[in-house]
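Notes follow the structure.
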Amino acid sequence: MFRFLTGGESHGPSLSAIIEGLPANLKLDFEEINFHLKRRQGGFGRGARQQIETDTVEILSGIRFGKTMGGPVTLLVRNRDWDNWREKMSITPVENPTPPITQPRPGHADFAGMLKYHTDDLRPILDRSSARNTAALVAVGAICRHLLKTAGIEVMSHVVMIGNVWAKFDSHVDYHALSELAEKSSVRCADPEAEAKMIAEIEICMNEGTRDTLGGVFEVVAIGCPPGLGSFTHWDRKLDSRLAGAVMSIQAIKGVEIGLGFGVAEIPGSKVHDELFFGAGEGFTRGTNNAGGIEGGMTNGEPVVVRAAMKPLSTLPTPLASVDMKTKQPVRAHFERSDVCAVPAAATIGEAMVAITLAETLLEKFGGDSIEEFASNVKSYMDIVKERGFKPIFEREQRV
Ligand code: EPS
């Protein structure tokens with residue numbers, strides 16, 4: 001069984017993760033893991049914290065000579081900022097603890113967390129609920145991508161909206177071209193016109209007089225999935241429900257759609273469902289991909305398309321009304337520092353959560369204690385579905 005846990009606080013010594021259930025002999029590219037950590041740190045609108053950090057992964061167990069051994073993989077991402085927080089986040093008791101922060105930020109975990117964990121100090125709530133933790137998720141996701149690659153699956157993302165500026169692109173998209181453009185954009189947007197307007201919206205929120213935060217929408221796409229990942233047989237085996245849960249778990253995500261998502265409710269069935277065709281060169285193809293690559297809770301071989309809506313960050317530079325949890329007096333919410341917009345970063349975290357969920361379902365379907373056994377199980381299944389007319393997306397003559 002594939003599973004993992006993360007640990008760590010935003011201003012503690014480090015973030016960590018233990019991954020169990022990776023097959024042995026999976027070769028890891030540490031540069032690639034660090035590359036994904038770097039992508040997560042980027043994007044126009046990020047705050048001062050990212051200038052302090054240079055996230056890199058350290059492996060503490062489970063790897064020998066660059067390959068998994070089959071045991072738990074332990075990884076660590078250090079917080080450089082820890083140097084500035086040794087007193088305030090001291091692991092051992094201190095003589096003069098820093099005064100508690102008592103003004104919960106509307107929209108953050110502070111209020112419910114302070115009641116739940118019985119504290120008048122929001123520091124412990126802030127520090128573990130912080131999106132800093134997503135660095136550990138991205139590292140886990142980067143390792144999962146290695147497994148996905150052996151099964152022919154690629155995961156990419158792009159930003160679709162920031163500050164109500166929507167990117168425009170064709171319904172028959174070339175996701176590789178889209179992803180290349182997004183990779184070069186400071187807001188991960190593949191539409192240059194929209195990109196410029198998104199940047200302008202973020203700049204407004206950076207200005208002294210109009211300081212604010214901005215949310216947006218990003219899209220994650222997984223290409224090359226074999227048909228049949230997930231299952232219709234039980235609620236908790238449905239891939240769409242699992243993907244939605246995984247992406248919704250990212251800090252600040254308030255909505256997840258698969259394919260056309262909420263759009264399916266607005267138009268008749270004849271315009272929603274993706275007609276099926278067959279051609280010798282392509283195998284089975286679809287006229288559209290409104291289902292976002294998932295039918296009946298299973299992949300159907302088309303690109304898996306997941307969209308997520310991110311709310312504006314709740315750490316506001318011009319804080320909203322709040323109540324002091326100790327005195328019950330009206331106050332302004334706590335503010336230390338924050339990002340103006342983290343949607344481009346969230347897109348890369350979305351990729352990680354999709355990669356993790358796909359790795360989980362791949363291992364459930366194909367198993368294997370070694371990568372050799374896993375790959376051979378994938379191949380024998382693919383041979384069967386190919387015999388029945390299915391062509392993997394990268395092998396089709398017409399479409400990618
Ligand atoms: C975050 C608050 C900010 C963000 C942080 C998430 O941290 P700080 O208070 O240290 O400036 O920068 O995100 C990261 C540190 C990161 O690496 O993504 C929050 O409250 O969620």
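Whatever order the structure lists ligands and atoms in, that order sets their numbers, starting from 1. Numbers here simply count residues along the sequence, with the first being 1.
Enclosure of atom CD1 in Ile18 is not indicated, since only 12 or fewer non-hydrogen atoms of other residues, nucleotides or ligands lie within 6.0 angstrom. The 12-atom threshold is exceeded at CG of Asp324, counting heavy atoms of other residues, nucleotides or ligands nearer than 6.0 Å.
Scanning the protein heavy atoms around atom 14 (C) of ligand 1, the nearest turns out to be Gln50 NE2, 3.5 Å. The shortest contact between atom 21 (O) of ligand 1 and any protein heavy atom is with Ala131 N, 2.9 Å. For atom 20 (O) of ligand 1, the nearest non-hydrogen atom of the protein is His108 NE2, 3.2 Å. For atom 7 (O) of ligand 1, the closest heavy atom belonging to the protein is Arg49 NH1, 4.1 Å.
Here the closest non-hydrogen pair linking Arg128 and Gly7 is NH1-C, 3.4 Å. Across every non-hydrogen atom of Ser157 and Thr348, the tightest pair is OG-N, 4.2 Å. Taking all atoms of both residues into account, the shortest heavy-atom contact from Met353 to Ala246 is CG-O, 3.6 Å.
Judged by the 6.0 Å distance and 45° axis criteria, Lys391 is not positioned over the aromatic ring of Phe284.
Looking at ligand 1, you won't find any N or O of Leu126 less than 3.5 Å from one of its N or O atoms.
Within the set Arg132, Glu336, Gln251, the minimum heavy-atom distance to atom 15 (C) of ligand 1 is found for Arg132. When the heavy-atom distances from atom 17 (O) of ligand 1 to Arg337, Gln41, Arg40 are ranked, the shortest goes to Arg40.
Which parts of ligand 1 touch Ser130 is read off a 4.0 Å heavy-atom cut-off, strictly below it: atoms 1 (C), 5 (C), 6 (C), 19 (C), 21 (O). Which parts of ligand 1 touch His11 is read off a 4.0 Å heavy-atom cut-off, strictly below it: atoms 8 (P), 9 (O), 10 (O).
At least one heavy atom of Asp339 sits less than 4.0 Å from an atom of ligand 1. Heavy-atom separations between Arg46 and ligand 1 include at least one value shorter than 4.0 Å.
No part of Glu53 comes within 4.0 Å of ligand 1, judged by heavy-atom distances.
His158 and Phe169 have perpendicular rings, their planes meeting at more than 60° on a 0 to 90° scale where under 30° would count as parallel.
Between the side chain of Asn207 and the backbone N or O of Gly209, no donor-acceptor pair lies under 3.5 Å.
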